[in-house]
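Input: a single structure, listed below in C-alpha cells.
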Amino acid sequence: MEGRAFLWTSRICLTLEWLALGLWVGGLVILVAAVIPAVFNTFGGQDSGGFFLTRAFEGFNRVVLGAMAVLVAGLGWRYWVRHPVARPTVAEMVVLGTMVLIAGIIIGVLHPQAAALQASAFAIKDEAARKAAFAAFFKIHMPVRALYMVNLCLGIVLMGIRVNHTLRLGKGQA
C-alpha cells in the first residue's frame, strides 16, 4: 500500500492511536492528580466520596475499553501493512499487550469485586462489621490502585517508544 491513500490512512490511524493513548494516560493523570483530591476535600463523608470515585473510575474504564480497541486495531493495521514508517516495534507491542492485560484484569475482575465490597461495607451499620468489611475492600483496592499506576507508567513508556521510533525514522534510521 503506497501513495496518497497510504499516507492518509496512516495519518488517520496514527492520530486516532495518539488520541486514544492520550485519553488513557491523561484521563488517569486527571483522576489521580485532580479528581481524587477534590473529592476527598469537598464531599461530606467517606461514603459519598467513595461512591463518586467508584462511578468516576467506571466511566474511565469505559474510555479505556474504547482506547484499547483503537490502539489494538491501529497496531494491528500497522503490523499488517508492514511499511517501515508505520510498522510497530516489538517493544511497542509488548508494552501495549501488557497494558491491555492489566486493564482487562482491573476492568473484568478486580474493579467489580472492589465495587461490590465497597457497597457492602457502606451498607453495614455495625462499626466492627463495617471495619472488617472495609479491611476486605482495601485488600482488593490496594492492588487495583497499584495496577492503575503501573498502567499509567506503561502508557508513558509507550508514548516514549512511539516518539523515539518516529524520531529515528525522521533521521532515516528504520
Side-chain angles (χ1 to χ4, degrees), residues 9-80 86 88-89 91-124 133-163:
T9 305
S10 294
R11 286 181 181 126
I12 292 168
C13 179
L14 291 171
T15 299
L16 290 174
E17 285 184 75
W18 274 107
L19 177 61
L21 187 56
L23 286 171
W24 191 338
V25 171
L28 193 50
V29 167
I30 294 301
L31 281 170
V32 170
V35 174
I36 292 173
V39 165
F40 285 116
N41 290 325
T42 304
F43 281 75
Q46 180 179 1
D47 294 8
S48 58
F51 277 132
F52 179 85
L53 286 175
T54 296
R55 299 300 172 253
F57 274 92
E58 286 170 355
F60 171 74
N61 288 342
R62 286 189 294 277
V63 170
V64 167
L65 288 171
M68 283 191 318
V70 169
L71 288 165
V72 170
L75 188 136
W77 179 82
R78 290 186 298 115
Y79 184 81
W80 178 70
T89 64
E92 182 181 356
M93 291 186 285
V94 168
V95 171
L96 180 59
T98 304
M99 288 175 68
V100 167
L101 177 65
I102 290 171
I105 291 168
I106 292 170
I107 295 168
V109 179
L110 296 177
H111 181 79
Q113 288 177 1
L117 288 171
Q118 179 190 47
S120 68
F122 287 153
I124 297 172
F134 271 115
F137 164 69
F138 281 112
K139 191 174 183 177
I140 296 271
H141 182 66
M142 295 307 284
V144 171
R145 285 173 46 184
L147 288 173
Y148 273 122
M149 292 300 100
V150 169
N151 248 3
L152 173 61
C153 293
L154 288 173
I156 294 168
V157 167
L158 183 56
M159 288 177 168
I161 290 169
R162 307 264 326 256
V163 166

>> For Tyr148 and Phe57, take the angle between the two ring planes, folded into 0 to 90°, and tell me which bin it lands in: parallel under 30, tilted 30 to 60, perpendicular over 60.
In response: tilted
> Parallel, tilted or perpendicular: which describes the rings of Phe137 and His141, with under 30° parallel and over 60° perpendicular?
Replying inline: parallel
>> With heavy-atom distances below 4.5 Å as the criterion, would you say the side chains of Leu65 and Asn61 are in contact?
In response: no
>> Once rounded to the nearest 0.5 Å, what's the spacing between atom CG of Leu96 and atom OG1 of Thr89?
In response: 10.5 Å
> Leu71 and Ala20: which non-hydrogen atoms are nearest, and at how many Å?
Replying inline: CG-CB, 4.0 Å
> When rounded to the nearest 0.5 angstrom, what is the spacing between CG in Leu154 and CG in Leu147?
Replying inline: 10.0 Å
> Which pairs count as salt bridge (charged side-chain N to carboxylate O under 4.0 Å, His left out) when at least one residue sits in residues 66-76, sequence neighbours excluded?
Replying inline: none
>> Is it the case that the side chain of Gln118 and the backbone of Gly50 share a donor-acceptor pair, with hydrogens and angles ignored and the cut-off at 3.5 Å?
In response: yes
> Taking the side chain from Thr42 and the backbone from Val39, do they hold a donor-acceptor pair closer than 3.5 Å?
Replying inline: no
>> Applying side-chain hydrogen bond (donor to acceptor under 3.5 Å, both in side chains) as the test, list every pair that has at least one member in residues 21-37; sequence neighbours left out.
In response: none
> Asn151 side chain to Met99 main-chain N or O, any donor-acceptor pair under 3.5 Å?
Replying inline: yes
> Under a 4.5 Å cut-off applied to non-hydrogen side-chain atoms, are Leu14 and Arg78 in contact?
Replying inline: yes
>> Taking side chain to side chain donor-acceptor pair (under 3.5 Å) as the definition, give me every residue that meets it alongside Arg145, ordered by chain and number, with sequence neighbours left out.
In response: none
> Under 4.5 Å between any side-chain heavy atoms of Leu117 and Lys139, yes or no?
Replying inline: no
